[in-house]
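From a predicted model like this one, the values you see are computed outputs, not experimental measurements.
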2 protein chains.
Amino acid sequence: MSTAPTRQAAPRRATITDVAREAGTGKTSISRYLNGEMSVLSPELRARIEAAIERLDYQPNQMARGLKRGRNRLIGMLLADLTNPYTVEVLQGVEAACHALGLMPLICHAANEVEMERRYLQLLTTYRVEGVIVNALGVREETLRPVGGGGIPAVLVDRSVEGLVADIVGLDNRAAAELGTRHLLDGGFRDIWFVVQPFEQVSSRRLREAAFREAMAAHEATGAHAARGHTLVLDLADAQQAEQSLAALDRAIDASSEHPGVVGNAERVAVFAANAPVALRLALHLKARYGAGWQARVALLSIDDPDWAELTGVTTIRQPTYDIGYRAVEFLHERIEGVETGARDCLLPGELIVRASTSG
Amino acid sequence: MSTAPTRQAAPRRATITDVAREAGTGKTSISRYLNGEMSVLSPELRARIEAAIERLDYQPNQMARGLKRGRNRLIGMLLADLTNPYTVEVLQGVEAACHALGLMPLICHAANEVEMERRYLQLLTTYRVEGVIVNALGVREETLRPVGGGGIPAVLVDRSVEGLVADIVGLDNRAAAELGTRHLLDGGFRDIWFVVQPFEQVSSRRLREAAFREAMAAHEATGAHAARGHTLVLDLADAQQAEQSLAALDRAIDASSEHPGVVGNAERVAVFAANAPVALRLALHLKARYGAGWQARVALLSIDDPDWAELTGVTTIRQPTYDIGYRAVEFLHERIEGVETGARDCLLPGELIVRASTSG
DNA sequence: CTGTTAGCGCCTTCAC
DNA sequence: GTGAAGGCGCTAACAG
């Protein structure tokens with residue numbers, strides 16, 4: 001009458017067969033029980049199964065189920081950069097939606113390396129994820145080929161991928177950039193610098209920059225006070241380039257005013273950061289150069305609303321990050337379930353949060 | 001001679017059987033090829049296999065391999081709170097180590113909800129992960145039971161779990177808290193508030209608080225200038241409680257000095273935040289209450305070194321987060337490979353980064 | 001209502 | 001060197 005083995009070394013997890021034996025029935029009934037087909041089970045059998053499962057601490061093997069059913073409820077989530085708060089916030093929405101839909105996200109962090117991205121993508125297909133949510137680096141369509149037509153369903157977040165037709169959800173970049181630019185213009189700023197990372201590859205950056213220029217041009221056309229707009233490319237991954245860019249900005253600031261603190265917005269340089277990482281880099285640089293009072297010299301405005309914006313009083317345009325993540329999963333889920341509509345765009349609006357930086 | 005089907009609807013991924021047929025051989029040889037047993041394959045066959053794989057764009061199904069081999073190279077990573085920059089940084093180390101060791105991390109975010117944590121843990125075992133890295137909430141051992149003895153290998157990050165014996169890697173909390181306290185004491189501060197989230201459940205918080213008190217006591221014993229230490233519990237999840245705590249702090253600050261800006265450290269209140277989320281909450285509150293010049297009133301020091309610390313000139317104790325994540329995976333890997341040593345502790349040192357906040 | 005029979009895609013003896 | 005057969009844990013027809 002040996003009940004429990006004394007040595008608990010590697011107590012191989014109970015399988016469906018074990019449970020069947022324990023309950024004195026066949027595997028089928030167990031399977032039915034697991035899949036909630038209760039109506040087809042006599043209360044008596046059901047009770048026995050319940051007991052057996054309990055006794056053996058049985059938990060069905062998802063891998064095996066997946067293998068058999070051809071769907072494992074796994075989806076991939078490819079992230080370009082987790083140090084960007086935007087990404088983490090989106091992730092929260094993704095997690096929540098996955099949970100609600102019974103999906104399990106496999107999170108992969110490319111850490112801004114294209115090669116990593118490629119490897120992860122391939123790894124994900126190897127695990128037979130049912131779909132992928134991609135917040136891509138500026139990669140080519142070919143890297144994503146397996147994902148697009150004929151491949152596994154994909155939905156893009158924030159940025160599109162050249163040549164790849166897929167659902168995309170993200171900020172309404174045009175509206176957001178315009179909103180910010182207009183806010184600055186309305187505030188009386190006449191010298192506005194739009195600072196953005198190299199944007200050829202990344203659609204959202206491209207769109208923001210273009211919208212900025214258009215908004216400036218539109219303002220020009222109204223004949224209101226003259227204002228000059230500049231686009232400054234800041235490559236956060238290239239120290240050399242970054243230094244140069246920042247130096248150019250410094251020159252503009254130095255030229256704009258010799259009397260910090262007593263100038264109106266018309267004399268103050270406004271800097272419009274295309275996203276939080278850029279804004280942070282700018283703020284750190286400006287503080288290092290102009291001291292704690294740097295904001296008297298420069299008005300910073302940023303797309304994205306990181307922690308420190310409130311703390312430093314920087315005006316921002318907050319993205320509906322949680323919703324972006326949530327919607328992305330919903331879209332993907334629909335695709336997985338077989339929806340065949342053409343590629344959809346889901347553009348969510350940003351929210352302007354005015355703080356001291358642009359009101360001074 | 002139909003080569004490619006015109007309709008690419010759902011081109012079921014090629015299986016090992018397809019490849020075998022395409023290469024005109026048996027599945028066994030394909031399997032051998034996949035597992036790198038090249039020496040046992042004639043160059044000729046090997047070439048044919050290579051070609052077939054190429055032609056079919058074949059990628060072995062990890063799930064099936066896992067099912068057969070009993071190991072799927074998946075590990076779970078349970079995170080208490082992704083909004084804490086600490087977590088993200090640790091994650092980077094984890095990702096890197098996984099990559100190096102051929103593991104695939106399944107990342108789960110409990111978002112500070114114990115119930116979520118439980119669910120994810122159960123989900124992870126369901127996917128038959130080979131091990132788990134846990135940055136737990138203040139949960140009971142029972143929740144983690146499946147993980148500990150007899151269950152799947154686990155290694156803890158940052159906090160221990162009561163009653164659970166497992167490897168743990170994290171900051172040397174005692175040394176870090178002592179380092180910070182001494183820095184404050186050396187700076188001449190006489191009124192020091194240690195602010196920490198409810199710490200009964202979380203070992204790292206408990207250790208930091210205890211070390212703080214001990215350091216204060218030790219200072220007392222030296223007979224140097226008198227200094228008072230207070231522990232303030234700040235529950236970030238409870239608005240009511242938080243308000244009260246902050247009010248208590250405010251009273252202390254108000255009492256300490258009526259002449260902001262002209263006081264030395266002896267008159268200035270020092271606040272030692274047990275981690276970044278606490279520090280942020282404090283900074284936001286203090287700024288709201290005392291305005292942009294709040295740092296003239298209060299000296300803030302924090303364990304953790306978030307983005308905004310440099311920007312606002314706050315002194316910090318930086319944790320070796322990347323290494324923590326990396327080591328955690330290494331430990332886990334060893335366990336997976338069968339290492340049976342007793343539970344190990346890996347305590348890594350923090351680094352004091354002195355900024356303006358504590359030098360004024 | 002319940003059990004039996006085939007596989008899902010892959011690896012692993014064990015023969016040829 | 002190579003291939004056929006069996007089984008990992010589970011589900012999905014089919015019978016009873």
Side-chain angles (χ1 to χ4, degrees), chain A residues 10-50 52-53 56-74 123 125-130 152, chain B residues 10-50 52-53 56-74 123 125-130 152:
Chain A
R12 192 184 49 75
R13 277 212 152 281
T15 79
I16 199 174
T17 311
D18 299 330
V19 180
R21 192 183 330 107
E22 181 79 13
T25 176
K27 302 194 293 180
T28 311
S29 296
I30 311 298
S31 177
R32 290 201 176 105
Y33 176 88
L34 294 177
N35 293 296
E37 301 172 37
M38 299 307 183
S39 53
V40 220
L41 292 176
S42 70
E44 194 271 334
L45 212 205
R46 182 177 157 178
R48 261 160 50 217
I49 293 178
E50 224 141 41
I53 287 182
L56 269 43
D57 185 29
Y58 169 70
Q59 290 180 259
N61 182 330
Q62 284 296 343
M63 297 309 177
R65 310 181 87 166
L67 186 58
K68 181 66 195 170
R69 298 214 260 224
R71 48 171 16 195
N72 53 20
R73 312 282 60 195
L74 253 32
L123 203 56
T125 78
T126 254
Y127 276 101
R128 295 297 186 271
V129 294
E130 296 183 38
I152 63 180
Chain B
R12 191 184 51 73
R13 279 214 150 280
T15 79
I16 200 174
T17 311
D18 300 329
V19 180
R21 193 182 329 104
E22 181 79 13
T25 176
K27 302 194 292 181
T28 312
S29 297
I30 310 299
S31 178
R32 291 201 175 106
Y33 176 87
L34 294 177
N35 292 296
E37 300 173 38
M38 300 307 183
S39 52
V40 220
L41 292 175
S42 70
E44 195 270 335
L45 212 204
R46 181 176 157 180
R48 260 160 51 214
I49 293 178
E50 224 141 41
I53 288 181
L56 269 43
D57 186 30
Y58 169 70
Q59 291 181 259
N61 182 330
Q62 283 297 343
M63 297 308 177
R65 309 182 86 166
L67 186 58
K68 184 67 197 171
R69 297 213 265 225
R71 49 174 12 197
N72 53 20
R73 311 283 62 194
L74 252 32
L123 202 55
T125 76
T126 255
Y127 276 102
R128 295 298 186 270
V129 293
E130 297 184 37
I152 63 180

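The side chain of A:P60 lies closest to D:dC10, out of C:dT12, D:dC10, C:dC14. Checking C:dT2, C:dT4, D:dG1 against every side-chain atom of A:T28, the shortest atom distance belongs to C:dT4. Of the candidates C:dC8, C:dT13, D:dT2, C:dC8 carries the atom nearest the A:L67 side chain, counting heavy atoms from C-beta on. For A:A64, the listed nucleotide lying nearest its side chain is D:dC10; candidates were C:dT2, C:dC11, D:dC10. For B:I16, whose side chain is taken as the heavy atoms from C-beta onward, the closest listed nucleotide among C:dG3, C:dC10, D:dC10 is C:dC10. Relative to the side chain of B:S29, the nucleotides C:dC10, D:dC14, D:dT2 differ in distance, and D:dT2 lies closest. Of the candidate nucleotides C:dC11, C:dG3, C:dA6, C:dC11 has the atom lying nearest to any side-chain atom of B:K27. Side-chain proximity of B:Y58 to C:dC10, C:dT2, D:dT11: nearest is C:dC10. Of the listed nucleotides (D:dG7, C:dT2, D:dT2), C:dT2 has the atom at the smallest distance from the side chain of A:V40.
Following rounding to the nearest Å, A:Y127 (OH) and C:dC10 (P) show an atom-to-atom distance of 14 Å. Between the CZ atom of A:R71 and the P atom of C:dG9 there is a distance of 16 Å, rounded to whole Å. Residue B:L34 contributes atom CG, which lies 8 Å from atom P of C:dC10 at whole-angstrom precision. If you take OH of A:Y33 and C1' of C:dC1, they are 17 Å apart, rounded to a whole angstrom. One can place CE of B:M63 at 17 Å from C1' of D:dT11, the figure rounded to the nearest angstrom. Taking atom CZ on B:R21 and atom P on D:dT2, their separation rounds to 20 Å, with Å as the unit. Computed from coordinates, the A:E37 CD to D:dC10 C1' distance equals 13 Å when rounded to whole Å. Across the protein-nucleic acid pair, A:R69 atom CZ and D:dA12 atom P stand 6 Å apart, rounded to whole Å.
Remark: the B:K68 side chain and the C:dG9 base include no donor-acceptor N/O pair separated by less than 3.5 Å. Remark: the B:R32 side chain and the D:dG3 base include a donor-acceptor N/O pair separated by less than 3.5 Å.
For the pair B:D57 and B:R13, the tightest heavy-atom approach, listed with the atom from each and the gap, is O-NH1, 3.4 Å. Shown here for A:I16 and A:S31, the closest heavy-atom pair between the two residues is CD1-N, 3.9 Å.
Of the side-chain N and O atoms in B:N35, one or more sit less than 4.0 angstrom from OP1 or OP2 of C:dC11. Note on B:S42: a side-chain N or O is less than 4.0 Å away from OP1 or OP2 of D:dT2. Dashed line: the shortest gap from a side-chain N or O of B:S31 to OP1 or OP2 of C:dT12 is not under 4.0 Å.
Contacts of B:L45 with the nucleic acid, taken as non-hydrogen atoms under 4.0 Å apart, involve only primed sugar atoms and P, OP1 or OP2. Note on B:S39: nothing from the nucleic acid sits closer than 4.0 angstrom, heavy atoms only.
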B:I53 vs B:E50, side-chain contact (heavy atoms from CB on, under 4.5 Å): CA-CA, chis, key distance, verdict: CA-CA 5 Å; B:I53 288 181; B:E50 224 141 41; 5.9 Å; no
Self-check item: Stepwise side-chain contact (heavy atoms from CB on, under 4.5 Å) test for B:Q62 and A:R128
Solution: CA-CA 8 Å; B:Q62 283 297 343; A:R128 295 297 186 271; over 6 Å; no
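Among the candidates B:V40, B:L34, B:L41, B:V19, the single residue satisfying the side-chain contact (heavy atoms from CB on, under 4.5 Å) test with B:S29 is B:L41.
The closest donor-acceptor contact from the side chain of B:N61 to the backbone of B:M63 lies under 3.5 Å.
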